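Take a look at the structure set out below.
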Amino acid sequence: MSNQLELPGTLRAEIAGPVAVLTLARPDKRNALSDETILGIEQFFRTLDPQVRAVVIDADGDHFCAGLDLAEMTEHDTLAGVAHSRMWHRVFDLIENGSVPVIAVLKGAVVGGGLELATSAHIRVAEESAFYALPEGQRGLFTGGGGSVRVPRLVGVAAMADMMLTGRRYDAAQGAAMGFSQYVVPAGAGRRKALELAERVAGNAPQTNFAVLQVLPRIARSNPAEGFMMEALMAAIAQGTDDAKFRMREFLAGRARKASDQ
Ligand code: 1HE
């Protein structure tokens with residue numbers, strides 16, 4: 001893998017063919033997210049090479065991310081707090097609503113803003129050490145990185161309210177059952193699994209990844225009548241592409257993967 005671009009020392013980017021890996025590289029502070037790191041994440045996604053078709057977010061050390069850098073927060077007044085939260089929204093929106101599928105590798109603490117970052121990704125692979133919590137409740141804070149929007153979508157309002165009010169934490173197996181992660185793998189196996197998934201995602205037709213990232217979330221948030229219509233339009237656009245026609249012919253000729261293959 002080669003280095004992609006200049007980033008703050010708290011981040012590292014590598015690119016290998018169609019897959020890029022962005023690593024949180026501040027393990028001594030449990031990958032706490034400073035302003036510099038958040039802006040570095042923005043720079044990474046804004047300047048992504050168009051050849052990149054999937055991104056893996058990984059982390060150095062035993063913890064994915066301890067959330068907001070609390071050392072920076074104490075200086076903010078109220079209005080600066082709003083601007084700070086809106087900056088996180090802008091950056092995490094770029095991850096969730098960008099054009100490239102993003103896979104996060106979770107381990108150890110996935111807490112506070114770390115959980116907000118993880119929930120901006122499209123696929124989450126958790127190692128067995130992963131645990132989820134929203135310690136904002138214990139610090140006198142509230143989520144500011146989109147957690148109140150994205151966390152309930154995965155696990156429901158009641159589970160999030162409980163996490164914030166009582167400090168409840170969930171382990172990797174519980175997190176998978178609730179919807180925080182789609183995969184649980186043994187310690188140390190997360191990156192390999194995520195890269196394997198990323199290769200597969202990168203091999204999809206562009207219209208499929210576009211539909212899943214841009215259209216599916218809008219359908220899921222719309223009323224059923226509009227949702228069905230959007231689905232019909234997207235289905236017709238996808239099936240009309242030369243790429244889809246080629247892939248269907250390949251299957252019929254016995255040259256494509258079957259749905260029963262792993
Ligand atoms: C930090 C941070 C941080 C660690 N900001 N410096 N997030 C939290 O409330 C979680 C706070 N962190 C923890 O609960 C624990 O650090 C962990 C469970 C993640 C890991 O525990 P451990 O025992 O492995 O590490 P540690 O000894 O607690 O921390 C190691 C160092 O990282 C230590 O610094 P050092 O200079 O004394 O070595 C810690 O101070 C530092 N550190 N976490 C700054 N978060 C957009 S709004 C989002 C709102 C939030 O995210 S609020 C939740 C914040």
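Residue numbers count from 1 along this sequence. These figures come from a predicted structure and were not determined experimentally. Every number for a ligand or one of its atoms is a count from 1 in the order of the listing.
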* Structure fact -> Checking heavy-atom distances from atom 11 (C) of ligand 1 to each of K29, R30, R139, the winner is R139
* To do: Tell me which protein heavy atom sits closest to atom 53 (C) of ligand 1, plus the residue, atom name and distance to 0.1 Å.
  => P135 CG, 3.9 Å
* Can you sort out which atoms of ligand 1 are near G67, meaning under 4.0 Å from one of its heavy atoms? => 51 (O)
* To do: Would you name the heavy atoms of Y132 and S181 that are closest together and state the gap between them?
  => OH-CB, 3.7 Å
* Asked: Counting only N and O atoms by type, is there a donor-acceptor contact under 3.5 Å from the side chain of T23 to the main-chain atoms of A25?
  -> no
* Asked: With F92, which of N97, I38, V149 fulfils side chain to side chain contact (heavy atoms under 4.5 Å, CB included)?
  -> I38
* Charged N-O contact under 4.0 Å between D60 and R12 -> yes
* Return the residue, atom name and 0.1 Å-rounded distance of the protein heavy atom closest to atom 18 (C) of ligand 1. => F131 CZ, 4.2 Å
* For atom 49 (C) of ligand 1, is the nearest protein heavy atom closer than 4.0 Å? -> yes
* Asked: Does the protein put a heavy atom under 4.0 Å from atom 40 (O) of ligand 1?
  -> no
* Asked: If you take all heavy atoms of N31 and P27, which pair is closest and at what distance?
  -> OD1-N, 3.5 Å
* Any donor and acceptor pair, going by atom type alone, linking the side chain of Q214 with main-chain N or O of G98 inside 3.5 Å? -> yes
* Asked: Do any heavy atoms of L134 fall under 4.0 Å from ligand 1?
  -> no
* From D28, D62, T143, L33 - option closest to atom 38 (O) of ligand 1 by heavy atom -> D28
* Asked: Is the shortest distance from a heavy atom of E72 to ligand 1 less than 4.0 Å?
  -> no
* To do: Among all protein heavy atoms, pick out the one at the shortest distance from atom 47 (S) of ligand 1; state its residue, atom name and that distance to 0.1 Å.
  => G144 N, 3.4 Å
* To do: Heavy-atom contacts with E116 under 4.0 Å: which atoms of ligand 1 show up? List them by number with element.
  => 46 (C), 47 (S), 48 (C)
* **Exercise: identify the closest heavy-atom pair between G147 and P152** => O-CD, 3.2 Å
* Asked: Heavy-atom distance from atom 23 (O) of ligand 1 to the protein below 4.0 Å?
  -> no
* Which atoms from ligand 1 have a heavy atom of A109 less than 4.0 Å away? -> 19 (C)
* Right, does atom 33 (C) of ligand 1 have protein non-hydrogen atoms nearer than 4.0 Å? -> no
* Would you mind reporting whether M87 and L39 have side-chain heavy atoms less than 4.5 Å apart? => yes
* To do: Give a yes or no on whether a salt bridge exists between K193 and E196, defined as a side-chain N under 4.0 angstrom from a carboxylate O.
  => yes
* Asked: Can an N or O of V111 be found at a distance shorter than 3.5 Å from an N or O of ligand 1?
  -> no
* Heavy-atom neighbours of L252 CG exceed 12 at 6.0 Å -> yes
* What atoms in ligand 1 come closer than 4.0 Å to a heavy atom of E136? -> 48 (C), 49 (C), 50 (C), 51 (O), 52 (S)
* Starting from atom 45 (N) of ligand 1, find the nearest protein heavy-atom neighbour and note its residue, name and distance. => L68 O, 2.9 Å
* **Verify atom 15 (C) of ligand 1: protein non-hydrogen atom under 4.0 angstrom away** => no
* Look up atom 9 (O) of ligand 1 and tell me if a protein heavy atom lies less than 4.0 Å from it? => yes
* Is a salt bridge present between E96 and R153, judged by a nitrogen-to-oxygen distance below 4.0 Å? -> yes
* Asked: Nearest protein heavy atom to atom 5 (N) of ligand 1, by residue and atom, and its distance?
  -> L70 N, 2.9 Å
* Asked: So which of A32, A66, G145, G112 gets nearest to atom 6 (N) of ligand 1, if we judge by its closest heavy atom?
  -> A32
* **ligand 1 atoms in contact with G113 (distance to a heavy atom under 4.0 Å)** => 48 (C), 50 (C), 51 (O)
* Asked: Hey, is R150 close enough to E116 for a salt bridge, meaning N to O under 4.0 Å?
  -> no
* Would a 4.5 Å heavy-atom cut-off, applied to side chains only, mark F142 and E136 as touching? -> no
